[in-house]
Amino acid sequence: MTFSATLSAARFDAESLASELNERQLEAVLAVSGPVLIIAGAGSGKTRVITYRIARLINEGASPSSILALTFTNKAAAEMRERAAALLGARELPLWVSTFHSVCLRLLRRHADRVGYPKDFVVYDAQDQRALIKSALDELGLPEKEYPARQAAAMISSFKSRLKGPADAENELRGGRSQWFIDLFHRYEAKLSAARSMDFDDLLGKAVAMFRRDADLRETYQRRFTHILVDEFQDTNVVQYELIRLLLGPERNICVVGDDDQSIYRWRGATVENILHFEKDYPDARVILLEQNYRSTATILSAANAVVERNPHRRGKKLWTQNGGGEKITLYTAADEGGEAQFVAEQAARHAKREGASFNDVAVFYRTNSQSRAIEDRLRAGGIPYQVYGGLKFYDRKEVKDLLAYFNTALNHFDAVSFKRIINTPPRGIGAATVERIEAAARERGLSLAAALDEAESIEGLNAGAKKRLEAFREILGRVRACAGSMSAADALTHALEVTGYAKWLMEDNKSESLARMDNLTELVNAAADFLERGGDGSMRAFLDQAALVADADDVADAEGRGAVKLMTVHVSKGLEFPVVFVTGLEDNLFPHARSKDDPAQMQEERRLLYVAMTRAKRRLYLTHAQSRYLLGVSQVNRPSVFLLDLPRKSLDEQSYLGEYTPPPAPRPVPAPKPMPAARPVTVESAPPPGGLAVGMRVRHPQFEIGVVRDVEGAGEKSKITVYFPRYGAKKLVRKFANLEILG
């Protein structure tokens, strides 16, 4: 059957569509002329509207190739193509339905000569980009340890997403401490150009530049694309908005679909103002609100609305549903992160036991990746399968694997994989050539790599400097081995952080990524201490065994066909839905995040982030927080998230660990000491403050900035320092890992 014959049989008149769409959806599908803004609330069927709109346009005579539909993921683009084709009874349609990057690449391949590139130019992915940045850093004499390629790539992307280049960076940053980045940006762009290559941001930027310069080409595509549709419009940035504007023809048939309440990617360059100001750019725009939710219960929606409506400068809308009230939202107060994780595991198991249910129905969200450790441990202990989305499982994260690799090497000198992983991590000047010579010597002498270190003096081709560095590394392994044999796993890990130089390496880097890695390592210490409490065997060997069994246990559980609980950050959850959702860690300085406290725009985004999390739930929603949580190596008392105050109490079933667990017995009263005989008064000089710190001193922390010392417990590196930081409140820190700078 031909495509045209298929179309003639399709019916997309208003009367037929009314039986398949609600009133507002129908209005959005029929409004095919001029600018249209569709505000699509969570779960309101926006993909349905977009695909029906495409099908109706084609049914009314529009050529499929004249429709340009833009979205952000290949999965979303494929779903739109398939659903539109299915509506029209066609196998496929010659539609331009794609991501922004894919469309721009397609255009640039056709017209590469217009921007001075060959048609077979290379597109650098993230790893290629970082490799090029590292090469530029080498040429500039900038050590990558001090100027991380990943951070530089993010800064470059930030400028390019605003259609700005090295010259703009020079004007905005004006040298000084940022001169390294300005020089790097210039060198990076020169190397990209010399290689006739583009990074991902260039695909958008150079397409915009091409259409800005070439009026004939711009008009050609404006005539071609008679209808433009944009999905997730609230996530567009400056360059994407400009691309849309340049491709829009004189008929101005543009339809954008989005929800300002779900704009959560500001840190990635998204500009929520694009959707908020759409009517300023298109004064005659027709605005249609999709407010009927088909996903969640009325109870969940009323609570989510109560959270997000506190944001100023948002469009007035309120989701509603015919799904019924549903069960109350469970708000659970745990004693600590372990109790929180135990509650999640127990409730997940209970839901999965229901008839027709499985672990696939359950999702657990958290604000930061480091929170997953306690949850993973409890799920694993309960035999509950799980999958981590949008990130690595806790024990698969680089820094965790690095530190455990030291102990694997120390305890088993035949473990070549672990040995090679950590011989130059953190960097200690042992290069690839040195490692190759050790491997060659080990093969010739029938030794393990670790054993070959003992004979480094006699290995040919090694200079005196290399031998000295290898000897230092051998000593580190010996000290780690001693820790493993004489200390509990938690103490051994803590000691190894210092002995290996890993903690110092991360803390001196003072970048957000390195600080997050340090958070994960302190969480690893917490895991070892928790392992001792639960199992009784706190040895390093036992702890390594349970960490190594994680992946195998998950595979076995999945093979049994029981499904798996889904673990992910809230950012990753956007666009998904689950019957049962847990939103964990709802505490101040965690959710909302501490970095958002003094920035109203960021606080609004944190509120939208919680709204997104809550509206992923279809049937049951759990919100949890802990009274104390291990952060920065010590237990901290946390206030519940300020967002919880906005929830309607009638929608909540409030539970606490005090109602389900037996609280620990009160400590026995200590008898008053017997009075001592009077002694002669003596004069003693006041001792110097431990670690040079005293109450009242001003200090600077790499993450929490400037604060004032409130209390000092103990002496030396193991002392605990309580510091009040104006932005983040009081924090109790371990002196050894705090990396405090005394300001006076």
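Being a predicted model, the structure only gives us computed values, none of them experimental.
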Can you sort out the partners of Glu79 under salt bridge (charged side-chain N to carboxylate O under 4.0 Å, His left out), two or more places apart, ordered by chain and number? Arg83
Between Thr333 and His625, is any pair of side-chain heavy atoms under 4.5 Å apart? yes
Qualifying salt bridge (Lys or Arg N to Asp or Glu O under 4.0 Å) pairs with a residue from residues 30-40, counting only residues at least two apart or across chains: none
Glu279: partners by salt bridge (charged side-chain N to carboxylate O under 4.0 Å, His left out), with sequence neighbours left out: Arg315
Test of understanding: with side chain to side chain contact (heavy atoms under 4.5 Å, CB included), list the residues that count as partners of Asp281, not counting sequence neighbours. Tyr241
Looking at residues at least two apart in the chain, or sitting in another chain, which of them share a side chain to side chain contact (heavy atoms under 4.5 Å, CB included) with Thr236? Phe72, Phe100, Val230, Phe233, Gln240, Asn274
Report the residues that fulfil side-chain hydrogen bond (donor to acceptor under 3.5 Å, both in side chains) with Asn305, sequence neighbours left out, ordered by chain and then residue number. none
Once ring-ring contact (aromatic ring centres under 6.0 Å, His included) is applied, do any residues pair with Phe643, and if so which ones, sequence neighbours excluded? none
Nearest heavy-atom pair of Arg620 and Lys328: which atoms, and what distance? NH1-O, 2.8 Å
With Arg310 via side chain to side chain contact (heavy atoms under 4.5 Å, CB included) - residues at least two apart: Arg607, Asp646
Identify each donor-acceptor pair in which a side-chain atom of residues 282-290 lies under 3.5 Å from a protein atom, sequence neighbours left out, and give them as a table.
| from | atom 1 | to | atom 2 | distance (Å) |
| --- | --- | --- | --- | --- |
| Asp284 | OD1 | Arg252 | NH2 | 2.8 |
| Asp284 | OD2 | Arg252 | NH1 | 3.2 |
| Arg286 | NH2 | Glu27 | OE2 | 3.4 |

Does Asp260 have any salt bridge (charged side-chain N to carboxylate O under 4.0 Å, His left out) partners at least two apart in sequence or in another chain, and if so, which? Lys317
Check the orientation of Phe343 and Phe582. Use parallel for under 30°, tilted for 30 to 60°, and perpendicular for over 60°. perpendicular
Set of residues satisfying side chain to side chain contact (heavy atoms under 4.5 Å, CB included) with respect to Ala303, sequence neighbours excluded: Ile329, Met614, Leu647, Pro648
Cationic N near anionic O, under 4.0 Å, Arg295 to Glu577: yes
Taking ring-ring contact (aromatic ring centres under 6.0 Å, His included) as the test, write out the residues that go with His101, two or more places apart. Phe200
